[in-house]
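Report on the following structure.
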Amino acid sequence: MTMASMGLEAWYMDGSDEDQRKPHRLNPNQSVSLDELRKLGVFYWKLNADAHETDPELKKIRKEQGYSYMDIITIARDELPNYEEKLKMFYEEHLHLDDEIRYILDGQAYFDVRDKEDRWIRIAMKKGDLITLPAGIYHRFTLDEMNYTKAMRLFVGEPVWKAYNRPADDSDIRKKYVASLQGS
């Protein structure tokens with residue numbers, strides 16, 4: 001396995017309003033490192049998705065992080081009711097009051113997050129990628145051109161599906177998140 005296939009790929013996005021499922025890389029490409037993502041509160045693990053039901057590494061992460069709830073969603077035209085509306089909703093810029101934890105079991109997708117200067121960073125998620133986005137970070141989600149992903153959703157306690165679309169700058173969780181960036 002090469003180093004590139006073990007890591008996560010992320011980059012700053014161009015401003016094009018072309019199809020959201022395209023990569024939207026700047027020219028020349030501006031990569032974003034795992035270290036830079038960590039400074040934004042975004043954490044990443046590479047796991048064996050084929051063994052997700054018995055994977056000791058996943059069990060360990062769930063125990064350490066307190067991820068007691070789990071379900072699996074398949075996002076594909078013939079699998080997800082109201083597919084087009086759901087994709088539009090997922091792509092609206094929003095934040096949550098809790099961390100968002102996603103583990104890609106199959107297929108591919110993108111998470112876009114805002115950096116401290118409010119620029120979009122696109123994170124390419126592939127099979128085996130587990131990511132946590134901190135409560136209060138502005139983000140959005142879309143499929144790539146494969147139009148398919150199967151993801152595990154993890155939560156601490158009962159799932160809360162509420163998204164707060166931008167602007168939500170006055171919310172306590174947003175203020176807390178912004179304050180957490182001051183030291184990084």
Side-chain angles (χ1 to χ4, degrees), residues 8-26 30 32-45 61-62 65-73 75 80-104 108-125 129-144 149 151-184:
L8 188 69
E9 196 182 1
W11 58 87
Y12 280 103
M13 293 180 71
D14 65 23
S16 157
D17 57 8
E18 193 181 10
D19 185 343
Q20 69 193 39
R21 296 164 308 160
K22 294 198 177 295
H24 289 279
R25 293 176 190 271
L26 291 169
Q30 263 188 282
V32 177
S33 70
L34 278 177
D35 202 44
E36 291 170 276
L37 289 174
R38 267 193 296 275
K39 287 179 182 158
L40 297 174
V42 175
F43 292 93
Y44 168 77
W45 294 266
I61 292 166
R62 287 187 65 179
Q65 305 296 324
Y67 302 152
S68 52
Y69 176 91
M70 175 276 291
D71 73 1
I72 293 174
I73 183 172
I75 304 171
L80 186 67
N82 305 318
Y83 170 81
E84 293 294 338
E85 294 81 29
K86 290 263 174 57
L87 271 188
K88 266 194 199 86
M89 186 181 78
F90 296 156
Y91 199 64
E92 283 283 317
E93 185 175 0
H94 63 278
L95 58 78
H96 300 285
L97 302 183
D98 299 299
D99 292 356
E100 181 157 330
I101 306 108
R102 296 294 181 268
Y103 178 21
I104 304 299
Q108 298 172 180
Y110 294 125
F111 272 102
D112 301 336
V113 297
R114 291 280 191 181
D115 76 355
K116 286 191 258 187
E117 283 78 48
D118 216 33
R119 296 178 299 171
W120 281 117
I121 296 170
R122 175 149 279 186
I123 304 168
M125 301 283 294
D129 291 343
L130 172 64
I131 194 169
T132 64
L133 305 180
I137 193 173
Y138 282 125
H139 67 282
R140 61 190 182 191
F141 169 87
T142 189
L143 295 175
D144 70 2
T149 196
M152 180 183 290
R153 302 183 289 191
L154 297 152
F155 289 88
V156 174
E158 285 301 304
V160 179
W161 303 112
K162 178 99 178 94
Y164 297 87
N165 287 350
R166 190 168 187 176
D169 296 330
D170 291 336
S171 70
D172 288 345
I173 197 67
R174 179 66 186 167
K175 289 177 183 169
K176 185 177 169 192
Y177 173 72
V178 170
S180 78
L181 296 177
Q182 302 313 317
S184 60

Taking the six-membered ring for Trp, is the centroid-to-centroid distance between Tyr138 and Trp120 below 6.0 Å?
no

Test salt bridge (charged side-chain N to carboxylate O under 4.0 Å, His left out) applied to Glu9 - qualifying residues, sequence neighbours left out:
Arg25

Run the side chain to side chain contact (heavy atoms under 4.5 Å, CB included) test against Ala151 and tell me which residues pass, sequence neighbours left out.
Ile73, Ile104

Let me know which of Val42, Asp112, Leu37 forms a side-chain contact (heavy atoms from CB on, under 4.5 Å) with Ile121.
Leu37

Does Asp118 pair with Arg166 as a salt bridge, N-O distance under 4.0 Å?
yes

For the pair Tyr177 (side chain) and Leu40 (backbone), establish whether a donor and an acceptor sit closer than 3.5 Å, ignoring hydrogens and angles.
yes

Test the Lys86-Phe90 pair against the cation-pi criterion, namely NZ or CZ under 6.0 angstrom from the six-membered ring centroid and within 45° of the ring axis.
no

Would a 4.5 Å heavy-atom cut-off, applied to side chains only, mark Ile137 and Leu95 as touching?
no

If you compare all heavy atoms of His139 against all heavy atoms of Val113, which two are closest, and at what distance to 0.1 Å?
CB-CG1, 4.0 Å

Report yes or no: does Arg102 contribute a side-chain atom to a donor-acceptor pair with the main-chain N or O of Leu130 at less than 3.5 Å?
no

So which atom in Glu36 and which in Ser33 form the shortest heavy-atom distance, rounded to 0.1 Å?
OE1-N, 2.8 Å

Is it the case that the side chain of Trp11 and the backbone of Pro23 share a donor-acceptor pair, with hydrogens and angles ignored and the cut-off at 3.5 Å?
yes

Around atom NZ of Lys176, are there more than 12 heavy atoms of other residues, nucleotides or ligands at under 6.0 Å?
no

Pairwise side-chain contact, Asp129 with Tyr44, heavy-atom cut-off 4.5 Å (strictly under):
yes

How long is the gap from CE on Met89 to CG on Asn82, to the nearest 0.5 Å?
9.5 Å

Does the side chain of Tyr67 come within less than 4.5 Å of Thr132's, by heavy atoms?
yes

Is a side-chain N or O of Gln65 found less than 3.5 angstrom from the main chain of Arg62, in a donor-acceptor match?
no

Tell me if a side-chain donor or acceptor on His24 pairs with a main-chain N or O of Tyr12 at a distance below 3.5 Å.
no

Any non-hydrogen side-chain atom of Phe141 less than 4.5 Å from a side-chain atom of Ile75?
yes

I need the minimum non-hydrogen distance between Tyr69 and Gly157, along with the two atoms involved.
CB-O, 3.2 Å

Shortest non-hydrogen separation from Ala168 to Ser171 and the atoms involved
O-OG, 2.9 Å

Residue pair Ser68 / Val156: nearest heavy atoms and the distance that separates them
OG-C, 4.1 Å

Apply the test side-chain contact (heavy atoms from CB on, under 4.5 Å) to residues Leu87 and Leu143: give CA-CA distance (whole Å), side-chain angles for both, the deciding distance (0.1 Å), then the verdict.
CA-CA 8 Å; Leu87 271 188; Leu143 295 175; 4.0 Å; yes

Any residue meeting salt bridge (charged side-chain N to carboxylate O under 4.0 Å, His left out) with Asp99, in chain and number order, not counting sequence neighbours:
none

About how many Å separate CG of Leu80 and OG1 of Thr149, when rounded to the nearest 0.5 Å?
11.5 Å

Apply side chain to side chain contact (heavy atoms under 4.5 Å, CB included) to Val178 and list each qualifying residue two or more places apart in sequence or on a separate chain.
Arg174, Gln182

Check salt bridge (charged side-chain N to carboxylate O under 4.0 Å, His left out) between Asp71 and all other residues, then give those that pass, not counting sequence neighbours.
Arg153

Among residues at least two apart in sequence or on other chains, which ones pass salt bridge (charged side-chain N to carboxylate O under 4.0 Å, His left out) with Lys22?
Glu145

Rounded to the nearest 0.5 Å, the CZ atom of Phe155 sits from the CE atom of Met70 at a distance of 12.5 Å

The reported gap from OH in Tyr164 to NE2 in His94 (rounded to nearest 0.5 angstrom) is 12.0 Å

Tyr110 ring centre to Arg122 NZ or CZ under 6.0 Å, with the angle to the axis within 45°?
yes

Look up atom OG1 in Thr142 and atom CG in Asp19, then write down how far apart they are to the nearest 0.5 Å.
7.5 Å

For Ile131 against Met125, the heavy-atom pair lying closest together
CG2-CE, 3.4 Å

Is the shortest distance from a Lys or Arg side-chain nitrogen in Asp144 or Arg21 to a carboxylate oxygen in the other one below 4.0 Å?
no

